[in-house]
Amino acid sequence: MLAVSQETKPVVSNGNGVEINSFHIAQQQLDNVAERLNLDPGIHARLRQPKRTLEVAIPTKMDDGSVRVFTGYRVQHSLDRGPAKGGLRYHPDVTLDEVKALSMWMTWKSAVVDIPFGGGKGGIIVDPKQLSKGEIERMTRRFAIELAPIIGPEMDIPAPDVNTTPQIMGWFMDGYSSLMGRRVTAIVTGKPLEVGGSLGRTEATGRGVTISVREVARRMNLDLQAAPAVIQGFGNVGRYAAALLQQECGTKTVAVSDTSGGVYNPHGLNVADLVRLKEEGGRVADYKDGDRVSNEELLELPCTVLIPSALENQITAQNAGRIQAKLIAEGANGPTTPAADTILHERGIVNVPDILANAGGVTVSYFEWQQGLRHEYWTLEEVNAKLERFLSRAVANVWERYQQEQVDMRMAAYMVAVRRVADAIHNCGTAY
Ligand code: NAD
């Protein structure tokens with residue numbers, strides 16, 4: 001066994017109502033791969049903890065003139081392969097441990113697609129649905145100022161995540177730029193096009209999910225034509241995954257959901273209508289042409305492809321035995337617990353892990369960052385062709401490990417990613 005010097009609580013993740021801590025899960029995943037890779041114990045111990053963690057108070061003037069102080073975080077797990085990269089989440093359930101887990105997963109994600117970034121993540125404990133547009137803008141600008149000491153285009157580059165949009169990235173960039181006294185477009189990615197965003201960024205994560213599903217299904221000899229697909233979460237990732245899987249792989253979306261619940265129609269749903277409904281402020285539950293299902297029931301529906309694209313810890317030891325999909329691709333970060341992973345693997349269900357399946361977003365963020373630094377605009381064709389190349393190559397690398405090692409795909413992807421990060425640390429010499 002490897003010697004690990006940091007003290008952390010043991011992982012509790014039996015999926016039976018016991019609280020699941022994403023950071024402990026992320027550490028357990030690293031421990032498992034470290035053992036398989038026979039990783040240097042010092043490098044392993046270093047990678048179990050984030051490099052840097054910042055907690056900030058964000059005083060924000062409300063529309064009624066009062067001031068509320070929100071709590072925000074930015075965590076940089078690793079800068080070993082390049083600047084930290086990762087999204088900002090606005091959600092009432094944000095915790096420091098969740099942000100730490102997400103930042104570690106970002107390190108592996110950048111490494112598995114082989115882009116020169118480390119891993120970071122941030123968030124604010126807030127329900128943005130309770131705030132006005134002006135309040136969100138003021139909170140975001142203040143957040144950018146509070147994070148300024150540790151972020152920068154060569155240091156740490158935030159991006160959108162749950163409940164954060166291109167508009168919010170625009171405010172963030174402007175807030176940071178005001179402080180610096182010059183326009184710093186490369187400080188965030190996922191910006192609106194007009195202020196240095198990249199074509200193809202909005203749909204990039206859903207497009208990446210589609211490419212990974214197509215590439216893995218081809219290697220599994222799984223026919224996707226008219227194959228039923230179920231999508232949990234109908235936000236940025238879920239909507240584009242539903243639409244592009246249908247368009248590019250010929251699947252048939254039979255169920256989707258959001259926080260209001262899900263809708264199921266075995267004959268297929270009209271994805272364009274559902275997108276329109278959401279864009280007009282509606283809820284999936286308002287969609288008429290299908291049966292209502294709960295988010296729990298949705299995961300267990302008969303289907304070929306299942307795309308969890310909402311939040312963490314959705315597939316657990318409790319429901320993994322009832323999942324009917326043949327292929328799962330994790331649009332969300334951390335939707336499957338380790339116990340569930342084992343059950344899925346034993347049942348022969350292939351689960352394309354988050355660090356690979358949803359890496360399209362960070363890959364096009366890399367393209368956006370490059371365009372910002374070089375003052376260039378790339379065409380949509382260029383962006384999509386490069387994304388296709390990066391992700392197909394990553395799937396091929398992971399599949400090769402998967403075949404060689406006879407492990408599940410998460411372990412294979414981690415083996416590729418952790419090896420790359422460990423080699424980067426090793427080649428710079430160890431500072432401990
Ligand atoms: P989003 O806010 O645009 O959408 C989230 C969706 O999930 C919404 O439809 C919401 O209603 C739904 N949802 C929330 N809780 C749910 C629940 N319990 N059951 C069912 N649906 C629920 O967020 P997003 O950007 O689409 O991110 C979704 C996931 O994908 C997150 O895990 C995020 O970290 C991950 N991700 C996002 C990107 C990106 O580029 N946006 C990239 C990589 C990974």
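Atom CG of L306 sits about 9.5 Å away from atom CD of E330, to the nearest 0.5 Å. One finds the CG atom of L54 at 4.5 Å from the CD1 atom of I150 (value rounded to the nearest 0.5 Å). The NZ atom of K109 sits 8.0 Å away from atom CG of L102, with the distance rounded to the nearest 0.5 Å. In this structure, CE on M139 lies 4.0 Å from CD1 on I124, to the nearest 0.5 angstrom. D423 contributes atom CG, which lies 11.5 Å from atom CG of D80 (distance to the nearest 0.5 angstrom). Summarising the geometry, atom CD1 belonging to I125 is positioned 4.0 Å from atom OH belonging to Y73; distances are rounded to the nearest 0.5 Å.
Although no hydrogens or angles enter the test, the distance criterion places no donor-acceptor pair under 3.5 Å between the side chain of N32 and the main chain of Q29. Without hydrogens or angle criteria, R81 side chain to I115 main chain gives a donor-acceptor distance under 3.5 Å. Between the S260 side chain and the A285 main chain, a donor and an acceptor come within less than 3.5 Å of each other. Of the possible donor and acceptor atoms, none in the side chain of D291 sits under 3.5 Å from a partner among the backbone N and O of G262. Between the R420 side chain and the A111 main chain, a donor and an acceptor come within less than 3.5 Å of each other. Counting only distance, with no hydrogens or angles, the side chain of D354 and the backbone of G334 share a donor-acceptor pair below 3.5 Å. The backbone N or O of E215 lies less than 3.5 Å from a partner atom in the side chain of R219, making a donor-acceptor pair. Of the possible donor and acceptor atoms, none in the side chain of T336 sits under 3.5 Å from a partner among the backbone N and O of D341. Without hydrogens or angle criteria, N236 side chain to T202 main chain gives a donor-acceptor distance under 3.5 Å. Not a single donor-acceptor pair under 3.5 Å links the side chain of D127 to the backbone N or O of P92.
Residues W171 and I136 share a closest heavy-atom pair of CZ3-CG2, 3.9 Å. Of all the heavy atoms in I157 and W369, the pair that sits closest is CD1-NE1, 3.4 Å. Taking each heavy atom of I315 and I328 in turn, the nearest pair found is CD1-CD1, 4.2 Å. Listed here is the closest heavy atom pair of A417 and I355: CB-CD1, 4.4 Å. When all heavy atoms are compared, the tightest approach of S22 to N313 is OG-ND2, 3.7 Å. Listed here is the closest heavy atom pair of L224 and V305: CD2-CG2, 3.7 Å.
Side-chain atoms of D31 and H44 include a donor-acceptor pair closer than 3.5 Å. N270 and D289 form no side-chain donor-acceptor contact under 3.5 Å, judged by distance and modelled atom types alone. No hydrogens or angles considered: nothing links the side chains of Q324 and E300 as a donor-acceptor pair under 3.5 Å. Residues S257 and N295 bring a donor and an acceptor atom of their side chains to less than 3.5 Å of each other. There is a side-chain donor-acceptor pair under 3.5 Å between T253 and Q246.
Salt bridge present: E312 and R89 bring a charged side-chain N and a carboxylate O closer than 4.0 Å. For the pair D258 and R283, the salt-bridge criterion is not met [side-chain N within less than 4.0 Å of a carboxylate O]. The pair E137-R141 counts as a salt bridge, with a side-chain nitrogen and a carboxylate oxygen less than 4.0 angstrom apart.
Atom NZ of K386 has more than 12 neighbouring heavy atoms from other residues, nucleotides or ligands inside a 6.0 Å radius.
Residues K326 and I349 have side chains not in contact (no heavy-atom distance under 4.5 Å, counting atoms from C-beta outward). Using a 4.5 Å cut-off on side-chain heavy atoms (C-beta onward), I25 and P338 make contact. In this structure, the side chains of V263 and L298 stay at 4.5 Å or more apart for every pair of heavy atoms. Looking at heavy atoms from C-beta onward, Y240 lies out of side-chain contact with R207 at the 4.5 angstrom threshold. By the 4.5 Å heavy-atom criterion applied to side chains, E203 and R239 are not counted as neighbours. By the 4.5 Å heavy-atom criterion applied to side chains, L30 and R48 are counted as neighbours. Counting heavy atoms from C-beta outward, L96 and F23 have side chains that stay 4.5 Å or more apart. Contact of the M169 side chain with the P166 side chain is not registered, since no non-hydrogen atoms from C-beta on lie closer than 4.5 Å.
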Exercise for review: Report the C-alpha distance between T304 and L222 in whole Å, list the side-chain angles of each, state the deciding distance to 0.1 Å, and finish with yes or no for side chain to side chain contact (heavy atoms under 4.5 Å, CB included).
Suggested key: CA-CA 9 Å; T304 304; L222 189 64; 3.9 Å; yes

Exercise for review: Dump the intermediate steps for side chain to side chain contact (heavy atoms under 4.5 Å, CB included) on R46 and K51, then the final yes or no.
Suggested key: CA-CA 8 Å; R46 151 64 193 93; K51 177 182 177 64; 3.6 Å; yes

**Study point:** Evaluation steps, side chain to side chain contact (heavy atoms under 4.5 Å, CB included), between L327 and V213
**Key:** CA-CA 8 Å; L327 173 58; V213 166; 4.0 Å; yes

Point to revise | Audit row: L311, H91, side chain to side chain contact (heavy atoms under 4.5 Å, CB included) steps and yes/no | key: CA-CA 11 Å; L311 293 173; H91 197 279; 4.0 Å; yes

Practice item. Apply salt bridge (Lys or Arg N to Asp or Glu O under 4.0 Å) to E388 and R214, showing your working. Key: CA-CA 11 Å; E388 178 74 42; R214 188 198 65 212; 2.4 Å; yes

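Between F390 and F367, the ring planes lie perpendicular to each other; the angle is over 60°, past the 30° to 60° tilted range.
The one candidate from Q371, E382, E376, K191 that meets the side chain to side chain donor-acceptor pair (under 3.5 Å) condition with S198 is Q371. Checked options T189, D156, T107; the residue passing with K85 is T189 (criterion: side chain to side chain donor-acceptor pair (under 3.5 Å)).
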